[in-house]
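Sharing a structure here in structure tokens format.
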Amino acid sequence: MTEDDERWMREAIRIARSKGSDPSTSPLGSVIVLDGRVIAAERNQTHELPDATAHAEMMAIRRGCEASGALELRGATLYSTLQPCGMCTMASIWSKVGRVVYGAGRADVHPMYFEARHVDTLSFIADAYRDDIVIEGGCLRAECAELYYPPDADLPEDEQANL
């Protein structure tokens, strides 16, 4: 990871916190950087819209394509405070993002933040038909993990977002 990666991840954390500090709301933040500048910065908006696909990464990809006027985001880096789910990983592939950098991973947070049947995004990318996308995890891992419930949190089922 570089200093720039940490800088942009701090921006993603700031965006995530704009939703509040309640970990039950899945406060994810995502930033897309192209040529050294932010072209999109979004947070999860699933409940507000309501739209099950309105994950931070999906919203940032939409805004990034709008800002660039193109369907593809070649050369861009997508920063996410949490390891992208299968849907967001696939959107990264289709939008041709060059690199994905995430903070906290599956092992760093409560299972409620991920689909019940885990899609290993790193293996998924390795097996995908694109070999020009890079995924790197652990950028500001501890700071990102603080946004979410810890792995061993004892939560009532009605408070778990992804059941």
Is there a continuous path of hydrophobic side-chain contacts, each under 4.5 Å between heavy atoms, that joins Leu28 to Leu155?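 Same hydrophobic cluster.
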Evaluate the criterion side chain to side chain contact (heavy atoms under 4.5 Å, CB included) for residue pair Tyr149 and Asp22; output intermediate values, then yes/no. CA-CA 9 Å; Tyr149 288 119; Asp22 184 351; 3.8 Å; yes
Polar side-chain atom of Glu72 near backbone of Lys96 as donor-acceptor pair, under 3.5 Å: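 Not at all, since once roles are kept as given, no pair shorter than 3.5 Å links the two residues.
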Give the minimum heavy-atom separation between Cys65 and Leu71, together with the two atoms involved. SG-O, 3.5 Å
Hydrophobic clustering (ILVMFWY, side-chain heavy atoms < 4.5 Å, transitive) - are Met58 and Ile39 grouped together?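 Shared cluster, no.
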How close do Cys88 and Pro84 get, heavy atom to heavy atom, and via which atoms? CB-CB, 4.0 Å
Do Thr53 and Arg62 get their side chains close enough for a donor-acceptor pair, meaning under 3.5 Å? yes
Shortest non-hydrogen separation from Thr81 to Pro27 and the atoms involved: OG1-O, 4.2 Å
Cluster question for you: counting only ILVMFWY and a side-chain heavy-atom cut-off of under 4.5 Å, with indirect links fine, are Leu34 and Ile133 together? yes
How close do Gly29 and Ala16 get, counting heavy atoms only, and between which atoms? N-CB, 3.4 Å
Under a 4.0 Å N-O cut-off, is there an ion pair linking Asp5 with Arg10? no
Within residues 146-155 or reaching into it, pairs that qualify as salt bridge (Lys or Arg N to Asp or Glu O under 4.0 Å) - sequence neighbours excluded: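 Sorted pair list comes back empty.
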Go through the steps to decide whether Asp4 and Val33 satisfy the test side chain to side chain contact (heavy atoms under 4.5 Å, CB included), and finish with yes or no. CA-CA 10 Å; Asp4 280 343; Val33 176; over 6 Å; no
Please say yes or no: joined through hydrophobic side-chain contacts below 4.5 Å, possibly via intermediate residues, are Ile135 and Tyr79 part of one cluster? no
Atom CE of Met1 and atom CD of Glu6: how far apart are they, to the nearest 0.5 Å?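 With rounding to 0.5 Å, CE (Met1) is 9.0 Å from CD (Glu6).
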Give a yes or no on whether the backbone of Val100 and the side-chain of Thr77 come within a donor-acceptor separation of less than 3.5 Å. no
Applying side-chain contact (heavy atoms from CB on, under 4.5 Å) to Arg141 and not counting sequence neighbours gives Asp108
Under the side chain to side chain contact (heavy atoms under 4.5 Å, CB included) rule, what do Thr46 and His55 come out as? Steps first, then yes or no, please. CA-CA 6 Å; Thr46 53; His55 290 194; 3.8 Å; yes
How would you list, by chain and number, every residue that makes a side-chain contact (heavy atoms from CB on, under 4.5 Å) with Gln45, sequence neighbours excluded? Glu42, Arg43, Glu48, Leu49, Ala54, Met59
Can Glu57 and Ser30 be counted as having a side-chain donor-acceptor contact under 3.5 angstrom? no
Do you know which two heavy atoms are closest between Met9 and Tyr102, and how far apart they sit?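 Scanning both residues, the minimum pair turns out to be CE-C, 3.6 Å.
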If you look at every heavy atom in Ala40 and Gly64, which pair is closest and at what distance?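 Shortest heavy-atom contact: CB-N, 3.5 Å.
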Stepwise, does the side chain to side chain contact (heavy atoms under 4.5 Å, CB included) test hold for Ser92 with Ile61? CA-CA 8 Å; Ser92 297; Ile61 288 169; 4.1 Å; yes
When you compare the side chains of Ser26 and Tyr148, does any donor N or O come within less than 3.5 Å of an acceptor on the partner? no
